[in-house]
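This report refers to the structure that appears directly beneath it.
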Amino acid sequence: MPELPEVETVKRALEPALTGAKITSVQLRRKNLRFPFPKNFQRRLQGRRIAHISRRAKYLLITMTGGKVLVIHLGMSGRLTLSPPNKTGSKTKTHETLPGDPRHDHVVFHFEQGAFLTYNDPRRFGFMDLVHTDELSAHRLFHALGPEPLGNSFNARHLARMATGRKTDLKAFLLDQRTLAGLGNIYVCEALYRARLSPRRSASTLVTKRNTPAKRTDVLVPAIRDVLNEAIVAGGSSLKDFKKPDGALGYFQHAFDVYGREGRKCRRDTCNGTVARITQAGRSTFYCPRCQR
DNA sequence: CATGCCCCCTGCACGC
DNA sequence: TGCGTGCAGGGGGCAT
């Protein structure tokens with residue numbers, strides 16, 4: 001579920017509703033997700049007000065007044081659902097209105113006016129942490145992260161510099177969060193398709209002998225930006241309503257050119273290739289061997 | 001340091 | 001219908 005566009009969509013959906021909201025209590029229904037919850041997690045959040053919500057890479061950052069930041073990573077299957085106050089005023093959660101199996105509702109944040117935010121995560125690859133704003137950039141999760149793909153410091157020069165001397169596949173290189181932060185398996189495949197670059201070529205081919213960005217690097221950068229921006233727009237349109245159990249499904253996948261399209265015809269009308277699936281770094285790569293070189 | 005592999009966990013689609 | 005297999009949008013940790 002969550003790559004950068006999804007997390008961005010979650011961020012945009014939660015922002016207007018939760019900015020300024022005060023946490024009255026936090027329910028922890030188990031003591032860990034992928035990692036243990038930080039100690040005194042509930043107590044340290046209780047009574048805090050949300051100052052603002054942001055995103056870094058695939059992390060959702062909920063900053064409290066006073067400077068604590070609740071860091072949330074959704075892993076593979078994490079989902080946040082915001083529910084309005086129960087009309088009855090009862091504190092009891094109404095599971096039937098929530099998506100997902102209630103057994104996987106691991107955390108519930110309750111807010112002052114009765115709204116609550118539920119974290120559901122069947123696979124529990126997600127995690128949460130609580131750190132101070134000042135410590136965020138030095139935090140082990142953040143210190144090595146590359147630039148935001150949609151930010152100003154991501155450009156062909158940066159990619160070329162990172163790719164210098166790297167023999168690894170272009171696919172693995174782009175998936176590495178130290179190269180740039182937020183691309184996942186789907187969008188790497190899609191961006192490489194748009195840029196007509198083979199996922200198997202060496203990352204070092206993004207650099208010329210003169211140590212400048214190759215032309216293909218100038219093509220790749222906007223391909224990455226475009227696919228992410230389009231996915232955010234599409235995600236925003238169907239994920240807006242967090243109460244809809246199926247809101248998280250079927251948003252951008254109709255727009256995939258290669259992901260999940262093994263054996264189907266390449267969508268480029270000038271190409272009569274067939275989408276192939278290979279394994280790289282232990283994960284599926286989809287691409288058109290004919291027009292991606 | 002760079003790279004490749006395994007693993008965490010549950011659900012689901014598929015073939016028999 | 002039931003069961004086994006393989007696979008899934010992430011990323012930490014370890015061996016080489």
Side-chain angles (χ1 to χ4, degrees), chain A residues 1-10 29-37 55-60 71-80 99-106 119-129 139-146 149 161-193 199-200 202-204 224 227-228 230-232 234-235 238-239 245-263 277-286:
Chain A
M1 166 141 125
E3 292 190 40
L4 184 152
E6 283 260 344
V7 182
E8 179 65 24
T9 300
V10 170
R29 314 189 59 189
R30 49 179 304 125
K31 53 183 186 305
N32 68 301
L33 292 171
R34 177 168 184 176
F35 306 117
F37 285 95
R55 177 192 59 74
R56 171 76 170 108
K58 299 170 191 169
Y59 296 95
L60 185 69
V71 177
I72 302 180
H73 196 292
L74 303 174
M76 295 274 262
S77 56
R79 182 137 115 179
L80 286 164
D101 189 327
R103 284 176 305 152
H104 304 307
D105 287 348
H106 305 308
Y119 179 80
N120 181 287
D121 187 358
R123 293 177 73 180
R124 302 203 302 275
F125 286 176
F127 53 90
M128 300 188 190
D129 202 358
H139 192 279
R140 62 182 183 86
L141 298 171
F142 293 89
H143 77 95
L145 283 182
R161 189 161 42 79
M162 294 297 287
T164 303
R166 295 289 301 277
K167 290 198 181 120
T168 193
D169 288 344
L170 186 50
K171 159 84 185 295
F173 171 73
L174 294 175
L175 219 37
D176 189 333
Q177 302 297 295
R178 293 168 299 187
T179 306
L180 73 166
L183 281 192
N185 203 35
I186 291 178
Y187 295 107
V188 167
C189 293
E190 294 297 316
L192 287 173
Y193 173 79
R200 312 171 66 165
S202 160
S204 62
I224 291 170
V227 75
L228 293 178
E230 288 171 33
I232 289 170
S238 69
L239 268 183
D246 57 349
L249 303 173
Y251 64 112
F252 191 67
Q253 57 221 32
H254 68 279
F256 293 159
D257 286 319
V258 284
Y259 191 85
R261 297 192 68 244
E262 181 189 14
R277 167 183 173 156
I278 59 173
T279 298
Q280 289 178 296
R283 330 192 44 183
S284 287
T285 299
F286 297 89

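Note: hydrogens, waters and symmetry copies are ignored here, and every other heavy atom, side chains too, is used. In this text, all values refer to a predicted model and were calculated from it rather than measured experimentally. Letters A, B, ... mirror the listed sequences (proteins, then strands); counts begin at 1.
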| With sequence neighbours left out, what residues match Ser284(A) under side chain to side chain contact (heavy atoms under 4.5 Å, CB included)? | Arg277(A), Phe286(A)
| request: Taking ring-ring contact (aromatic ring centres under 6.0 Å, His included) as the test, write out the residues that go with Phe127(A), two or more places apart. | output: Phe35(A), His73(A)
Find every protein N or O atom lying less than 3.5 Å from an N or O atom of nucleotides 12-14 of chain B, and list the pairs.
none

| query | Does a side-chain N or O from His104(A) land closer than 4.0 Å to OP1 or OP2 of dG11(B), or not? | reply | yes
| Under the salt bridge (Lys or Arg N to Asp or Glu O under 4.0 Å) test, which residues partner Arg34(A), sequence neighbours left out? | none
| request: Nearest whole angstrom, please: distance from the P of dA8(C) to the CD of Glu262(A). | output: 10 Å
| remark: So CG of Asn32(A) and CE of Met128(A): to nearest 0.5 Å the spacing works out to 12.0 Å
| query | Atom CG of Asp121(A) to atom C1' of dA8(C): distance rounded to whole Å? | reply | 13 Å
| request: Considering only atom P, compute the distance from dC7(C) to dC5(B) and round it to an integer number of Å. | output: 15 Å
| request: Considering non-hydrogen atoms only, spot the tightest contact between Gln177(A) and Ala57(A) and give its length. | output: OE1-CB, 4.4 Å
| Arg103(A): side-chain hydrogen bond (donor to acceptor under 3.5 Å, both in side chains) partners, not counting sequence neighbours | Asp101(A)
| task | Rounded off to whole Å, could you give me the CD-to-P distance for the Glu190(A) and dG9(C) pair? | result | 12 Å
| remark: Arg178(A) meets the salt bridge (Lys or Arg N to Asp or Glu O under 4.0 Å) criterion, sequence neighbours left out, with Asp176(A)
| What distance do Asp121(A) atom CG and Arg79(A) atom CZ have between them, rounded to the nearest 0.5 Å? | 11.0 Å
| query | Of all residues at least two apart in sequence or in a different chain, which pass the side-chain hydrogen bond (donor to acceptor under 3.5 Å, both in side chains) check with Asp257(A)? | reply | none
| Taking OP1 and OP2 of dA8(C), is either one under 4.0 Å from a side-chain nitrogen or oxygen of Ser284(A)? | yes
| Reported CD1-to-CD distance for the pair Ile232(A) and Glu3(A), which is rounded to 0.5 angstrom | 11.5 Å
Give every pair of a protein N or O atom and an N or O atom of nucleotides 2-6 of chain B that lie under 3.5 Å apart, one pair per line with the distance.
{"from": "dT3(B)", "atom 1": "OP1", "to": "Lys167(A)", "atom 2": "N", "distance (Å)": "3.1"}
{"from": "dT3(B)", "atom 1": "OP1", "to": "Thr168(A)", "atom 2": "N", "distance (Å)": "3.2"}
{"from": "dT3(B)", "atom 1": "OP2", "to": "Arg166(A)", "atom 2": "NE", "distance (Å)": "2.7"}
{"from": "dT3(B)", "atom 1": "OP2", "to": "Arg166(A)", "atom 2": "NH2", "distance (Å)": "2.9"}

| Short side-chain N/O contact from Tyr259(A) to OP1 or OP2 of dG9(C), under 4.0 Å | yes
| remark: Pairing string of DNA chain B (Watson-Crick or G-U wobble, both atom distances under 3.5 Å; | = paired to other strand) is .|||||||.|||||||
| said: I'd like to check the ring-ring contact (aromatic ring centres under 6.0 Å, His included) partners of Tyr119(A); sequence neighbours left out, ordered by chain and number. | reply: none
| said: The criterion is side chain to side chain contact (heavy atoms under 4.5 Å, CB included); which residues satisfy it with Arg161(A), sequence neighbours excluded? | reply: His158(A)
| query | Expressed as a whole number of Å, how far does the P atom of dC3(C) sit from that of dC9(B)? | reply | 23 Å
| note | Readout for nucleotides 10-16 of chain C: B = base within 4.0 Å of protein heavy atom, S = sugar-phosphate only, - = neither; 5' to 3' it is BBS----
| task | Applying side-chain contact (heavy atoms from CB on, under 4.5 Å), run through Tyr187(A) and Leu4(A) and close with a yes or a no. | result | CA-CA 9 Å; Tyr187(A) 295 107; Leu4(A) 184 152; over 6 Å; no
